[in-house]
Amino acid sequence: MTHRLSRDEARRIAVRAQLLTAERPAGIVETIDALTVVNIEPTAAIAPSADHILWSRLGWPYDPADLARLVEEDRAIFEWGGFYRTMADLPLLLPEVRRRPQSREAREWLAANDRFRRDILDRLRADGPLRPADIPDTAQVSWRSSGWTNNRNTLQMLEMLVLRGEVAISGRDAQGRRFDLAERVYPADVPDLSDEDAARERAERRLGSLGVARARSVSQPVEPIDVGTVGEEAVVDGIDGRWRLDPAALEGLDDVAPRTALLSPFDRLVFDRKRLEELFGYEYLLEMYKPAAKRRWGYFALPILHGDRFVGKLDAKADRKGGVLRVNAIHEDEPVTADIAEGVQAEIRDLARWLGLEVQGVAVA
C-alpha cells in the first residue's frame with residue numbers, strides 16, 4: 001500500500017523519530033539506540049557535536065562524563081567511522097568492516113606496509129591504549145595525499161585498522177583519541193550476520209530513526225542517509241516522488257507534543273539538506289568554512305526548531321574564558337510570535353546554563 005501524508009504529518013514524523021518532541025528519552029544509550037548514530041565533530045564553537053546532539057534530546061541531565069564512562073568503562077557505546085553507536089549495533093557493521101579498505105590505493109598501501117601494521121599491533125598489545133604520537137612510524141612506504149594526512153603514516157594506519165576491525169578507539173580526552181586492540185574494546189561473542197541481513201537491518205534501523213526518507217539520497221562515505229526498499233511506500237502532499245515510511249511512526253501522531261530545540265549543525269535532522277528543504281522548506285548551510293564576509297548566518301549558526309518547523313538560526317559562540325554564551329544574532333526564517341520568542345529564549349538560557357555560561361547579546365524580537 002501507499003500512504004499519503006500531509007507535509008505537516010511528514011514533519012511531525014521526522015521530528016518525533018529524532019526524539020525532538022516534549023517527550024524526552026530516558027538516557028544516553030536509549031538516545032543513541034533510537035538515533036542509530038551520533039556524529040563526532042570536535043569543533044566546539046558551542047560544544048562538540050556529540051555532546052550538543054545528546055543535550056538537545058536529554059536536556060540538563062546530560063553530562064559528557066557519562067558518555068565517556070559508557071564508552072571507556074561500560075563499553076555500551078563505541079566509535080566507528082566518525083559516529084558513536086551502541087555496541088548492540090556492532091554485528092550490523094562487521095560485513096562492511098570485512099570489506100575495508102575500499103579503495104585500491106588504500107589496499108595497496110596497506111599491503112606494502114604489512115610489517116608496519118604488525119609493529120603497531122604489537123605496540124598496542126604491549127602498551128595500549130595509546131595515542132598516535134606514542135607509536136613510532138616504521139612505515140616502509142609513506143602515505144601520499146594532497147590533504148592533511150600526507151605522510152602521517154601512523155595515524156593513517158590506525159584509521160585503516162579501525163575501519164578493518166583490528167584496532168578500536170578506546171576513548172577520548174582533551175588530547176584526542178586513544179587506540180587499542182579491537183579485542184580489548186569489542187565483545188568476543190558477536191553474532192555473524194550475512195551481508196544482506198546486516199544491510200537490511202541497518203536500513204530498517206536508519207528508517208526508524210528518520211521516520212520518513214527517500215529510498216535513494218546523496219551517497220555518503222561511511223554512514224548512508226538513504227534507506228532502500230525497507231518500510232512502506234508513501235507520498236507527501238506537494239512534494240514530487242516517492243518516500244519510504246516506517247509504519248510504526250504513524251501511531252499516536254496526533255498526540256505529539258512540541259518543544260523548541262537548538263540543534264547542532266551536524267544533527268541528523270538537518271544533515272540531509274535536500275530532505276530538509278523538501279519537508280521543512282528550510283535552507284541551511286554550515287558556514288564555518290566560508291570567509292567571514294560571505295557568511296549570511298554566522299560561523300556556527302544553530303538551526304532553531306520550534307515544534308515541527310525550523311523558524312530561524314542562532315548565531316552564537318561559547319566564550320569560555322569570558323564566561324559567556326555570546327549571542328551575535330538570531331536570524332528569523334518565519335515570523336516570530338510571542339510563543340516562539342519565549343521558547344527560543346528559554347532554550348538559549350538552558351543551553352548557557354548547561355555550558356556553565358551567562359547569556360550575553362541580542363534577544364529574540
Quiz item: Any Lys/Arg nitrogen of R123 or D119 sitting under 4.0 Å from an Asp/Glu carboxylate oxygen of the other?
Solution: no
Quiz prompt | salt_bridge(E108, R104) N-O dist < 4.0 Å | solution = yes
Exercise. Can you run down the salt bridge (charged side-chain N to carboxylate O under 4.0 Å, His left out) pairs that involve residues 128-141, sequence neighbours left out, and say none if there aren't any?
Key: R131-D173
Quiz item: Is the shortest side-chain N to carboxylate O distance from R100 to E96 below 4.0 Å?
Solution: yes
Exercise. For salt bridge (charged side-chain N to carboxylate O under 4.0 Å, His left out), just list the numbers for E287 and K313, CA-CA rounded to whole Å, side-chain angles, deciding distance to a tenth of an Å, and then say yes or no.
Key: CA-CA 12 Å; E287 298 181 302; K313 301 165 182 77; over 6 Å; no
Exercise. State whether D333 and R309 are salt-bridged, where the test is any N-O pair (Lys NZ or Arg NE/NH1/NH2 against Asp/Glu carboxylate O) under 4.0 Å.
Key: no
Quiz item: Should D226 and R214 count as an ion pair when the cut-off is N to O under 4.0 Å?
Solution: no
Exercise. For K274, look at atom NZ and say whether over 12 heavy atoms of other residues, nucleotides or ligands are found less than 6.0 Å away.
Key: no
Quiz item: Does a side-chain N-to-carboxylate-O contact under 4.0 Å join R273 and E283?
Solution: no
Quiz item: Are there more than 12 heavy atoms of other residues, nucleotides or ligands under 6.0 Å from atom CD of E30?
Solution: yes
Quiz item: Is the distance between the ring centroids of F266 and F271 under 6.0 Å?
Solution: no
Exercise. Verify the cluster assignment for I135 and M160: are they in a single hydrophobic cluster under the rule of side-chain heavy atoms below 4.5 Å apart?
Key: yes
Practice problem: Would you tell me whether D267 and H52 have side-chain atoms, one donor and one acceptor, within less than 3.5 Å of each other? | Solution: no
Quiz item: Would L262 end up clustered with V270 when hydrophobic side chains under 4.5 Å apart are linked, directly or stepwise?
Solution: yes
Exercise. Consider only side-chain N and O atoms of S49 and N39, and report whether a donor and an acceptor are under 3.5 Å apart.
Key: yes
Practice problem: Taking atom types as modelled, find out whether E233 and T2 have a side-chain donor-acceptor pair closer than 3.5 angstrom. | Solution: yes
Quiz item: Would E278 and R11 pass as an ion pair if we require N to O under 4.0 Å?
Solution: no
Exercise. Check whether any side-chain heavy atom of L58 sits under 4.5 Å from a side-chain heavy atom of P25, and report yes or no.
Key: yes
Quiz prompt | Test: R353 cationic atom under 6.0 Å from W60 six-membered ring centre, within 45° of axis | solution = no
Quiz item: Is there a path from W143 to I120 through hydrophobic residues (I, L, V, M, F, W, Y) whose side chains come within less than 4.5 Å of each other?
Solution: yes
Quiz item: Do NZ/NE/NH1/NH2 and the carboxylate oxygens of R85 and E79 come within less than 4.0 Å?
Solution: no
Quiz item: For atom CZ of R216, is the number of surrounding heavy atoms from other residues, nucleotides or ligands below 6.0 Å larger than 12?
Solution: no
Quiz item: Do the charged groups of R12 and D254 touch, with an N to O distance under 4.0 Å?
Solution: yes
Quiz item: Does R144 come within less than 4.0 Å of E105, counting only side-chain N to carboxylate O?
Solution: no
Quiz item: Any side-chain donor-acceptor pair under 3.5 Å between R107 and Q102?
Solution: no
Quiz item: Using 4.0 Å as the upper bound for N to carboxylate O, is an ion pair formed by R118 and D114?
Solution: yes
Self-check item: Spacing of CD1 belonging to I330 relative to CG belonging to L302, to within rounding of 0.5 Å
Solution: 10.5 Å
Quiz item: Below 4.0 angstrom, N of the basic side chain to O of the carboxylate: do E232 and R244 qualify?
Solution: no
Quiz prompt | Crowding at CD, E23 (>12 non-hydrogen neighbours, <6.0 Å) | solution = no
Quiz item: If you measure from CD1 on I53 to CZ on F83, what distance do you get to the nearest 0.5 Å?
Solution: 8.5 Å
Quiz item: Under a single-linkage definition using a 4.5 Å side-chain heavy-atom cutoff for Ile, Leu, Val, Met, Phe, Trp and Tyr, are L210 and L250 assigned to the same hydrophobic cluster?
Solution: no
Quiz item: Is D197 paired with R202 through a side-chain N to carboxylate O contact shorter than 4.0 Å?
Solution: no
Quiz item: Does a salt bridge link E196 with R200, judged by any charged N lying under 4.0 Å from a carboxylate O?
Solution: no
Exercise. Look at the rings of F310 and Y282 and say which category their plane angle falls in: under 30° parallel, 30 to 60° tilted, over 60° perpendicular.
Key: parallel
Quiz item: In terms of side-chain heavy atoms, does S170 have a donor or acceptor partner in R75 at a distance below 3.5 Å?
Solution: yes
Exercise. Inspect the surroundings of CG in D240 and state if more than 12 heavy atoms from other residues, nucleotides or ligands are less than 6.0 Å away.
Key: no
Quiz prompt | pair V359-L351: side-chain heavy atoms closer than 4.5 Å | solution = no
Quiz item: If you measure only the distance, is there a donor-acceptor pair under 3.5 Å linking the side chains of E41 and T43?
Solution: yes
Quiz item: Just wondering, do W109 and Q140 contact through their side chains at under 4.5 Å, heavy atoms?
Solution: no
Quiz item: What do you reckon, is CZ of R184 surrounded by more than 12 foreign heavy atoms closer than 6.0 Å?
Solution: yes
Quiz prompt | V311 vs V336 side-chain heavy atoms within contact, under 4.5 Å | solution = no
Quiz item: Is the shortest heavy-atom distance from the side chain of R164 to the side chain of E159 under 4.5 Å?
Solution: no
